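Only heavy atoms go into these numbers, but all of them, side chains included; no hydrogens, no water, no symmetry mates. If you're wondering where the values come from, they're calculated on a predicted model, not measured in any experiment.
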Amino acid sequence: MNESTNEYDYKGVALNGILMLVVLLLLMTASIAAAIYSGMIESEVLIAPCIILFIATLICFGGIVKLEPNEVAAMVFFGKYRGTLRTNGYFWVNPFMAKKKMTLRARNLDGKPIKVNDKEGNPILIGLVVVWRLKDTYKALFDVDLQENAATQNVNSRMNALENFVSIQSDAALRQVAGRYAYDNNEGDTDTNEITLRSGGDEINEQLVDCLNERLSMAGIEVIEARINNLNYAPEIAAVMLRRQQASAVVSAREKIVEGAVTMVRMALDRLQDENIELDEEKRAAMVSNLLVVLCSDESATPVINTGTLNH
């Protein structure tokens, strides 16, 4: 990741804002009072300086800037970057300096689920939540086109534009990461330890963070956390996949039942042998068959008493 940046701290004049506000109010009051006085004495000589002082005072009011905690302002003087003001408080700077305020606070992005294809080509719906914050104001303002509306150039519009950039790049990163893995392990897979979207957990989330940081570094944005918060099959295959999962569950359950039944039959035969009860091959086969039917059946067994083959 390229960490080079042209950002630096503002080193220009930044006076106490409250003091300058008092001075400007006094100058404005003085200019108005002087203009009124010149009108009363009918002196045209003082009118022009009073008007000039009043206009200059109004212009100087544009130099007031207030920064709250975790807010910064990139200072631009007639198109040239002059640094980033980071000190919190109330200041007065050159009124002709454009002050582009940004916030460094962490922000959440809850992305809407998008349809992507997993490693096996199955369409899935996947969504993520991203926690991000601004790290480099120079890159955010001058390396990315925020497409600001000239009438609404404020901190909210800039951060919303950045959030839109994060949203688009998040979708691209999610498609890239999701395409590397299967949704889930299929029945009969040889490598049951293979990472999937359902079982990947922290490893998938770490790859999302790395991929997002790589994509968003150009905009001076740092991703703190990213994790999948929505994962489902697409509607067109959801019903089929549900039946497949149910079938897999039934087969797994049957395997356990058959394994248990065979064990119980073996125990029964061993017990008969221990008790010296001899059965011919036909009766042993019949007993094994009956026990397996009883143990593996979904329904309760119905006993049938057969007395025709009993020998006394």
Side-chain angles (χ1 to χ4, degrees), residues 1-10 65-76 79 81-88 97-116 124-180 197 200 202 204-232:
M1 186 185 302
N2 185 10
E3 294 292 344
S4 62
T5 177
N6 294 317
E7 184 182 32
Y8 57 89
D9 292 338
Y10 176 68
V65 58
K66 181 184 70 171
L67 291 180
E68 298 179 356
N70 280 325
E71 274 191 347
V72 297
M75 315 303 285
V76 181
Y81 175 69
R82 292 296 188 181
T84 300
L85 181 61
R86 299 180 178 275
T87 307
N88 305 137
M97 192 87 67
K99 299 165 282 294
K100 296 180 177 291
K101 293 175 67 175
M102 307 286 282
T103 177
L104 304 181
R105 301 184 181 102
R107 298 170 70 93
N108 281 324
L109 174 66
D110 188 5
K112 295 182 179 179
I114 59 175
K115 184 184 293 187
V116 302
I124 60 176
L125 290 178
I126 186 170
L128 83 167
V129 60
V130 180
V131 182
W132 63 279
R133 65 184 174 192
L134 183 62
K135 186 178 180 181
D136 190 317
T137 57
Y138 184 92
K139 288 183 177 181
L141 287 170
F142 306 116
D143 288 353
V144 178
D145 185 6
L146 299 182
Q147 299 179 348
E148 292 182 86
N149 186 347
T152 59
Q153 288 186 354
N154 53 46
V155 61
N156 289 329
S157 66
R158 294 188 187 98
M159 297 309 297
N160 289 337
L162 278 178
E163 184 169 315
N164 183 60
F165 182 82
V166 173
S167 177
I168 295 174
Q169 294 300 322
S170 296
D171 287 353
L174 187 58
R175 292 179 186 277
Q176 179 180 347
V177 173
R180 300 173 184 170
L197 295 175
D202 292 339
I204 299 293
N205 296 332
E206 289 175 4
Q207 290 200 29
L208 280 173
V209 171
D210 293 339
C211 187
L212 282 169
N213 276 323
E214 182 179 353
R215 288 176 172 271
L216 297 175
S217 62
M218 70 178 75
I221 294 172
E222 177 188 19
V223 175
I224 303 171
E225 182 183 12
R227 61 179 57 253
I228 295 174
N229 67 340
N230 187 300
L231 182 61
N232 295 290

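In terms of heavy atoms, K139 sits closest to G220 at CB-N, 3.6 Å. C211 and Q176 get closest at one heavy-atom pair: SG-OE1, 3.3 Å. When all heavy atoms are compared, the tightest approach of A172 to R215 is CB-NH1, 3.5 Å. V144 and A219 make their closest contact through CG2-CB, 3.4 Å (heavy atoms, listed as atom of the first residue, atom of the second, distance). Between Y10 and L85 the shortest heavy-atom distance is CB-N, 3.8 Å. Across all their heavy atoms, L208 and A226 have their closest contact at CB-CB, 4.1 Å.
From T84, atom OG1 reaches atom CG of N6 across 11.0 Å, with rounding to the nearest 0.5 Å. Rounded to the nearest 0.5 angstrom, K100 NZ and T137 OG1 are separated by 11.5 Å. The CD1 atom of I126 sits 5.0 Å away from the CG atom of L197 when rounded to the nearest 0.5 Å. L125 CG to I114 CD1: the interatomic distance, rounded to the nearest 0.5 Å, is 9.5 Å. The structure places CD of E225 at 10.5 Å from CG of L128, a figure rounded to the nearest 0.5 Å. Here OG of S217 is found 10.0 Å from CD of Q169. Values are rounded to the nearest 0.5 Å.
N229 pairs by the side-chain contact (heavy atoms from CB on, under 4.5 Å) definition with D110, V129, not counting sequence neighbours. K101 is linked by a side-chain contact (heavy atoms from CB on, under 4.5 Å) to L67, E71, A73, V155, counting only residues two or more places apart in sequence or in another chain. In this structure, D171 has no side-chain hydrogen bond (donor to acceptor under 3.5 Å, both in side chains) partners at least two apart in sequence or on a different chain.
Remark: side-chain polar atoms of R107 are not paired, donor with acceptor, to backbone N or O of L134 under 3.5 angstrom. Checking side-chain atoms of N88 against main-chain N and O of E68 turns up a donor-acceptor pair under 3.5 Å.
Of the listed residues (V223, N164, V130, V131), just one forms a side chain to side chain contact (heavy atoms under 4.5 Å, CB included) with L109, and that residue is V130.
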### Task
Using the ring-ring contact (aromatic ring centres under 6.0 Å, His included) rule, take Y81 and Y8 through it: C-alpha gap first, then chi angles, then the decisive distance, then the call.
CA-CA 10 Å; Y81 175 69; Y8 57 89; 5.1 Å; yes
### Message
Could you go through L212 and W132, starting from their C-alpha distance and side-chain angles, then the distance that decides it, and tell me whether this counts as side chain to side chain contact (heavy atoms under 4.5 Å, CB included)?
### Response
CA-CA 10 Å; L212 282 169; W132 63 279; over 6 Å; no
### Message
Please determine whether side chain to side chain contact (heavy atoms under 4.5 Å, CB included) holds for the pair R105 and R133, giving the CA-CA distance in whole Å, both sets of side-chain angles, and the decisive distance to 0.1 Å.
### Response
CA-CA 6 Å; R105 301 184 181 102; R133 65 184 174 192; over 6 Å; no
### Message
Using the rule given for side chain to side chain contact (heavy atoms under 4.5 Å, CB included), can you reason through V116 versus R175, listing the C-alpha separation, both sets of side-chain angles and the distance that settles it, and then say yes or no?
### Response
CA-CA 6 Å; V116 302; R175 292 179 186 277; 3.5 Å; yes
### Task
Show your reasoning for whether side chain to side chain contact (heavy atoms under 4.5 Å, CB included) applies to L141 and R158.
CA-CA 9 Å; L141 287 170; R158 294 188 187 98; 3.9 Å; yes
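A salt bridge does not link E7 with K135: none of the charged nitrogens is closer than 4.0 Å to a carboxylate oxygen.
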